[in-house]
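Here it is, the structure, as structure tokens.
Given the structure is predicted, the values throughout are model-derived calculations rather than measurements.
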Number of protein chains: 2
Amino acid sequence: MTDHKETKDMLGRGGLISVSRAQQLLRENLRAPVASSEEVLLAEALDRVLATDVVAPENLPAAPRSTMDGFAVRAADTYGASESMPCYLSVTGEVLMGKPCEGDVNVGCCHKVPTGGLIPAGADSVVMFEHTVPVDETMIEVVKGVGTGTNLIQSGEDIRKDAKALPAGHRIRPQDLGLLAGLGIDRVKVVAPVRVGILSTGDEIIPHTQVPKPGQIRNINSIALAGAVTRAHGIYTDYGIVSDRKEIFLPAVEKAIAENDIVLFSGGSSVGVRDLGQQVVEEVGPPGILVHGVTLKPGKPVLIGMSGATPVFGLPGHPVSAMVCFDLFVQPTIAALSGLPPEYGLPRPSITARLTRNINSAPGRLDVVRVQLQQTDSKTWKAEPVLGKSGSISTLSRAHGYFLIDEASQGVQENSTIKVFLYI
Amino acid sequence: MTDHKETKDMLGRGGLISVSRAQQLLRENLRAPVASSEEVLLAEALDRVLATDVVAPENLPAAPRSTMDGFAVRAADTYGASESMPCYLSVTGEVLMGKPCEGDVNVGCCHKVPTGGLIPAGADSVVMFEHTVPVDETMIEVVKGVGTGTNLIQSGEDIRKDAKALPAGHRIRPQDLGLLAGLGIDRVKVVAPVRVGILSTGDEIIPHTQVPKPGQIRNINSIALAGAVTRAHGIYTDYGIVSDRKEIFLPAVEKAIAENDIVLFSGGSSVGVRDLGQQVVEEVGPPGILVHGVTLKPGKPVLIGMSGATPVFGLPGHPVSAMVCFDLFVQPTIAALSGLPPEYGLPRPSITARLTRNINSAPGRLDVVRVQLQQTDSKTWKAEPVLGKSGSISTLSRAHGYFLIDEASQGVQENSTIKVFLYI
């Protein structure tokens, strides 16, 4: 890469900025979430983001239920009961699964009840089978007393009517589908999926289905970025390979902006294409270019701008750089436009591993170092750096994950414990 | 739950076993992967598992390319060049992006080359622009010499022809799509998705779209398990709610076994339904029941069996227990039948957090404790246990993740550092 050229912004807006500053600038300029929402059936709602709070329309459970197989009793009747001094109760009924209770539990009486069965009126607790001894068909001994509320779940104990079941901005997980089903909710209002337009440019780029002539290379970035958009729960439109002549490229980017919530372009790694990218992002403004270049390796020449409310990313042509910039800038933008509130963000899960060799880093730069993992024993993982040029897509494909060397650091020593974020 | 009853196996096969022993038994009985494979286009291949190794059909890149904007030179011509003693080269050509090279680079000459451009015959390295000074239109000064191979990527340096690009059993990630595209591969042979049949049973269970009468409850498990199957990259068939009379339930399970690679049933939490589950799993054998009950909370009453090569899981009726058992037993089974080799398994990523209160655990039992996470400062997360009965689906919906208390432990103290696995 042409270090000297890239440290200055040709539009006179200053030089490289840090990744965190670029992320902040981007966040400040986003209008979230995407306006439109839609109603979907629960069966289609997995991984969608709620557009509004969901409030419980009823108590769950609707009525108290036993959490044990046993006998529904009045707790007062069993106070003090023990092996040596049992109490005796008449069995005057039985609760059947899925049926209403028949009759009340009177003083000195009990009803047989299965796990999940309703608690009949009069009863306030359940004695489990194991703490009873049958005397005959109509009477039991209770050998261990219970307090009020023992072995049952109260009405509304799972969730109470009018409580917030799930907040707006929540991504629906399998267990959330369960909660919504339990409340009898079959339709939810969700944010429309974020639409991402993907363009490639560069005279040397051809569709991956074609055979390259000398000097041509197949389009790697479009399909890899499309996969990354899908993983980020966005939907993509692939605009294919667009000529890098400005009179063709600019209208193609404008069309993609009109049709999407986010636009990505990538492709040629030559100076000419980088210059074109800058001109185009500036012209589709205001506000135009927000970020031109970050102190990041790989991924330094990333270009970030806005056309009105639509973020436009000029990703580096090298595939590894493009994917690293996707993770750091595009994925959080998709999340924000999906309606996920920033404060919602959980930390990114990781594993710890031991680095197998020294890795140097230039201070003032964030390094994203790809690693292969190998298990040494049941608890320990070794992380072997996958070295190679940022144009080498195989380095990213061989990697199980990556670790970061931050701006303050000059490198990480062999055998250091590092935090590896996995490419799953 | 009726502790006493569940510690013995009513079929006389011994009592509860540990989770790891149950997982091992299950693994030993699986025949992996599912036999059938299919060919898909690259555009449909994300997250699919390769059925065969993919071998590179050609070198990537096909020919050496420049990694800098500069001049393609013979390194020997530049040896010793410096600011004080530059060497002079004639500019006799220019490489254009996407075009074949025109002419060779002769001794004392160079061709202008962009990043990504081909290296003309004769040249063996690239001097970057920044290390040159133009003399006139046809001559440059080189102020820093280069060694052979500097600033270029060799043919096959990314991946070499006939090398294994991706192994069988690999799940295709976005960057893998990029690698395959770069190699011109547009179709891959992948393992057919694992088919999972889901049944619910229990007299009290009604579809979640209906209004329960007294004693009835809505079906929470089917849709939550369906979501979990989708997340695990399986495809599900929901057989709905089946009567818990054996003459109806057994043929329904047999039909699901015939039509799927894995069968899950869940539903009623009463003794009657548990007994029915055991009978049915035994009758669809051999081998029948492998595991009846594990030392796990929640999730103790899980039932695991095989009908020929088809795993059959009787999941506990309580939704939280059902989902915990899914994570521990069903998800790894889907992975194994998908063709993911066991040794492929990366560790599960986690975050560390501080526990906000003491949690007790019975020794000899694996506890899965759900937690809510809260950020206390930029680096630290607090994990607040979400307490509640295993029938409370809202506890799972409120949770951001879980931690484990293993069989040897009697609990975890407040302020301990714990490893939280996230529900993402």
> Is there a donor-acceptor pair under 3.5 Å between the side chain of A:Thr230 and the backbone N or O of A:Ala226?
Replying inline: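 Yes; judged by distance alone, with no hydrogens or angles, the pair exists.
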
> Tell me, side chain or backbone of B:Ala399 under 4.5 Å from chain A's heavy atoms, or both, or neither?
Replying inline: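 Just its backbone gets close to chain A.
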
Report all side-chain donor-acceptor pairs from residues 175-187 of chain A shorter than 3.5 Å, counting only partners two or more places apart or in another chain.
| unit_1 | atom_1 | unit_2 | atom_2 | d |
| --- | --- | --- | --- | --- |
| A:Gln175 | NE2 | B:Leu396 | O | 3.3 |
| A:Asp176 | OD1 | A:Arg173 | NH2 | 3.2 |
| A:Asp176 | OD1 | B:Ser397 | OG | 2.5 |
| A:Asp176 | OD2 | A:His170 | NE2 | 2.7 |
| A:Asp176 | OD2 | A:Arg173 | N | 2.8 |
| A:Asp176 | OD2 | A:Arg173 | NE | 3.0 |
| A:Asp186 | OD1 | B:His208 | NE2 | 2.6 |

> chain B heavy atoms under 4.5 Å from A:Arg348: which part of the residue, side chain, backbone, both or neither?
Replying inline: backbone

> A:Ile206 versus chain B, heavy atoms under 4.5 Å apart: side chain, backbone, both or neither?
Replying inline: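 Interface part for A:Ile206: neither.
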
> Which one, A:Arg65, A:Lys419, A:Met323, A:Glu157, leads in non-hydrogen pairs under 4.5 Å with chain B?
Replying inline: A:Arg65

> Based on non-hydrogen pairs under 4.5 Å, which of A:Val95, A:Leu60, A:Ile217 is most in contact with chain B?
Replying inline: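 That would be A:Ile217.
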
> Checking heavy atoms, do the side chain of B:Lys99, its backbone, both or neither come under 4.5 Å from chain A?
Replying inline: backbone

>> If I measure from the heavy atoms of chain B, does A:Pro100 come under 4.5 Å with its side chain, its backbone, both, or neither?
In response: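 Looking at A:Pro100, backbone and side chain both touch chain B.
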
> When only pairs under 4.5 Å are counted, which of B:Asp238, B:Thr395, B:Asp203 shares the most heavy-atom pairs with chain A?
Replying inline: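 Looking at each of B:Asp238, B:Thr395, B:Asp203 in turn, B:Asp203 comes out on top.
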
> Which one, B:Gln210, B:Lys213, B:Arg231, leads in non-hydrogen pairs under 4.5 Å with chain A?
Replying inline: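 Option with the top pair count is B:Arg231.
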
>> Could you tell me if A:Thr201 and A:Asp244 have a donor-acceptor pair between their side chains, going purely by distance under 3.5 Å?
In response: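 A:Thr201 and A:Asp244 do not have a side-chain donor-acceptor pair below 3.5 Å.
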
> For B:Gly227 and A:Leu46, which heavy atoms make the closest approach, and how far apart are they?
Replying inline: O-CD2, 3.6 Å

> Under 3.5 Å, is there a donor-acceptor pair between the B:Asn59 and B:Ser155 side chains?
Replying inline: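 Checked: B:Asn59/B:Ser155 side chains pair up, N/O donor to acceptor below 3.5 Å.
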
>> Counting only non-hydrogen atoms closer than 4.5 Å, does B:Leu118 touch chain A with its backbone (N, CA, C, O), its side chain (CB onward), both, or neither?
In response: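 The answer is the side chain of B:Leu118.
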
> Side chain, backbone, both or neither: which part of A:Ser350 has a heavy atom under 4.5 Å from chain B?
Replying inline: both

> Counting only N and O atoms by type, is there a donor-acceptor contact under 3.5 Å from the side chain of A:Asp69 to the main-chain atoms of A:Thr115?
Replying inline: yes

>> Counting heavy-atom pairs under 4.5 Å with chain B, which one of A:Ile424, A:Val229, A:Leu373 comes out on top?
In response: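 Maximum pair count with chain B is reached by A:Ile424.
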
> Between A:Asp158 and B:Ser394, does any side-chain donor sit less than 3.5 Å from a side-chain acceptor?
Replying inline: yes

>> Can you pull out every side chain to side chain donor-acceptor pair (under 3.5 Å) where at least one residue sits in residues 215-228 of chain A? Sequence neighbours excluded, please.
In response: A:Ser200-A:Asn219, A:Ser200-A:Ser222, A:Arg218-B:Glu58, A:Asn219-A:Ser222, A:Asn221-A:Ser266

>> Show the nearest heavy-atom pair for residues A:Pro319 and A:Ile393, with the distance to one decimal.
In response: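 Scanning both residues, the minimum pair turns out to be CB-CD1, 3.9 Å.
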
>> Does any backbone or side-chain atom of A:Ala353 lie under 4.5 Å from a heavy atom of chain B? Answer side chain, backbone, both or neither.
In response: neither

